[in-house]
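Fair warning: this is a prediction, and the values are worked out from it, not measured in the lab. Numbered from 1 within each chain, the chains take letters A, B, ... in sequence-line order.
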Amino acid sequence: MDTAERLELATRNTAEVVEESELQQLLAEGTPSAYIGYAPTGEMHIGHFTTMRKLADFLGAGMEVTVLIADLHAHLDDAKSPFDLLDARSAYYQETIEAMIDAAGADPDDIEFVRGSEFELDEDYALELLRMAAETTISRAQRAASEVVRESDSPKLGGLLYPLMQTLDVDALDADVAYGGIDQRGIYMLSREMLPDHGGEAPVCVFAPLLSGLSGGKMSASDEASKVNLTDDRETVVEKVGDAYCPAGEREDNGVLEYLEYLVFPVLDERGESFVIERPEEYGGDVTYETYGDLEEDFLAGDLHPADLKPAAGAAISAVIAPVRERLLDQPALLREAYPEKYD
RNA sequence: CCGCCCUUAGCUCAGACUGGUAGAGCAGUCGACUGUAGAUCGACUUGUCCCCCGUUCAAAUCGGGGAGGGCGGACCA
């Protein structure tokens with residue numbers, strides 16, 4: 001595989017790459033390392049899943065991949081996770097992420113898992129954090145973290161340390177590439193700005209698109225109807241997709257199309273399968289799509305009606321998450337201990 | 001350490017001065033209309049009024065105590 005092919009693999013299905021030329025350079029020189037961090041807060045959902053195929057792409061492009069379970073960040077962000085649940089939630093996140101990577105067609109054993117608290121309390125790290133805190137204005141830190149850290153009536157100092165620590169994580173993990181949702185852009189732009197002055201190098205940033213919610217607008221972790229949970233059974237997934245905002249012939253805010261493009265088709269492609277829609281003869285009979293592009297073309301042209309698309313999309317999404325769902329249901333203690341107030 | 005303010009539906013809040021069956025908007029649920037959903041109509045649901053004690057025939061409302069949160073002042077050898 002030549003550099004151009006590796007670059008295409010590493011950058012496909014992304015929202016933005018800063019800067020692509022830098023990534024090309026890294027690939028030309030050898031084996032770049034990439035990392036993505038997840039703060040173990042609420043239950044993982046399908047939005048997380050859409051970032052997993054990219055990790056497989058990175059591996060396929062001959063890169064090293066590290067997944068950071070950012071346990072301390074989960075507490076620093078407005079105490080989304082209570083301090084004494086960090087271990088249980090980290091365990092749940094790691095198991096779930098491994099299941100998703102597996103389901104997405106990659107081998108979890110090829111990925112290194114690291115927990116934030118393993119190195120974020122090191123003396124060198126702490127010292128550098130304080131130095132950064134001394135030279136970063138409050139408004140700058142707020143701006144960097146505004147899309148990530150929860151807004152609160154009583155904002156805590158932790159939310160300001162958050163982007164600084166994430167910046168130091170890049171260096172501590174020795175990552176050439178920082179990967180995350182496009183919501184992480186503010187933080188990593190701060191990292192590119194600051195890291196060269198703090199003993200590191202500006203990372204190349206690869207951003208995944210944030211998918212629309214099923215109820216229109218942004219997907220909200222707190223809105224059950226806007227997202228598919230990894231533990232939702234097939235019936236529930238089909239029902240949620242059936243209730244989704246999905247205007248005929250429109251792509252904007254259309255979560256159903258986005259799920260197909262960024263979740264279903266990449267996984268079908270990996271498995272060498274195609275997407276089949278069962279449709280009454282009255283409306284044209286069954287259709288099969290090999291690529292998302294073909295499907296979108298028909299949908300935008302009005303040749304594929306939402307009422308026909310939805311049941312097939314729901315079933316396909318359910319099929320994609322099924323292995324993850326089964327693995328989680330096989331280990332009920334993971335969820336019970338991570339979210340005792342919900343599962344007790 | 002001192003002072004002031006806040007706490008009512010899932011969310012944002014009104015009601016408190018002047019005690020009398022706890023409200024609005026949004027959200028949600030259900031119908032109608034669409035071959036989906038949304039939008040739009042129509043209907044419906046929602047409560048530890050932060051906790052305890054007291055006054056009263058009657059307390060979200062008045063009094064006392066407490067908890068949580070916010071703001072300010074003071075102290076600064």
Scan residues 286-309 of chain A against RNA chain B and write down, sorted by residue number, each residue with any heavy atom closer than 4.0 Å; if none is found, say none. His305(A), Pro306(A), Ala307(A), Asp308(A)
Are the side chains of Leu309(A) and Ile277(A) in contact, using a 4.5 Å heavy-atom criterion? yes
C1' atoms of rG15(B) and rG47(B), separation to the nearest Å: 15 Å
How far does the C1' atom of rG23(B) sit from the matching atom of rG35(B), given to the nearest Å? 41 Å
Is there a Watson-Crick or G-U wobble partner for rU7(B) with both distances under 3.5 Å, and if so, which one is it? rA67(B)
Rounded to whole angstrom, note down the P distance from rC50(B) over to rA32(B). 41 Å
Charged N to carboxylate O under 4.0 angstrom, Arg140(A) versus Glu193(A)? yes
If we take the C1' atom in both rU55(B) and rA67(B), what is their distance in whole Å? 23 Å
Across all strands shown, which nucleotide pairs with rU46(B) by Watson-Crick or G-U wobble geometry, both distances under 3.5 Å? none
Please give the distance between the C1' atoms of rG68(B) and rU48(B) as a whole number of Å. 16 Å
Filter on ring-ring contact (aromatic ring centres under 6.0 Å, His included), then keep only pairs touching residues 139-171 of chain A, sequence neighbours left out; what's left? His73(A)-Tyr162(A)
Please measure how far the C1' atom in rU61(B) lies from the corresponding atom in rU46(B), and state the result in whole Å. 23 Å
Could you pull out all residues at least two apart from Asp57(A) that satisfy salt bridge (charged side-chain N to carboxylate O under 4.0 Å, His left out)? Arg12(A), Arg53(A), Lys54(A)
Euclidean distance for P, rG25(B) against rC17(B) (whole angstrom): 25 Å
Distance, P atom - from rC11(B) to rU40(B), rounded to whole angstrom: 24 Å
So, are Glu147(A) and Arg185(A) salt-bridged, with charged N and O less than 4.0 Å apart? no
Please find the earliest and latest nucleotides of RNA chain B, in the 5' to 3' direction, that have an atom within less than 4.0 Å of any heavy atom of chain A. rG35(B) to rG70(B)
Using purine N1 to pyrimidine N3 plus N6-O4 or O6-N4 for Watson-Crick, or N1-O2 and O6-N3 for G-U wobble, both under 3.5 Å, which nucleotide pairs with rG20(B)? rC57(B)
By the Watson-Crick or G-U definition, both distances under 3.5 Å, rU40(B) is matched with rA32(B)
Salt bridge present between Arg115(A) and Asp87(A) (N-O < 4.0 angstrom): yes
Under a 3.5 Å limit for both distances, which nucleotide forms a Watson-Crick or G-U wobble pair with rC2(B), could you say? rG72(B)
Any heavy-atom pair between the side chains of Arg279(A) and His305(A) that's under 4.5 Å? no
In short, ring-ring contact (aromatic ring centres under 6.0 Å, His included) pairs touching residues 173-229 of chain A with sequence neighbours left out are Phe58(A)-Tyr179(A)
Other cluster members, Ile138(A) - Ile/Leu/Val/Met/Phe/Trp/Tyr, side-chain contacts below 4.5 Å: Leu157(A), Leu160(A)
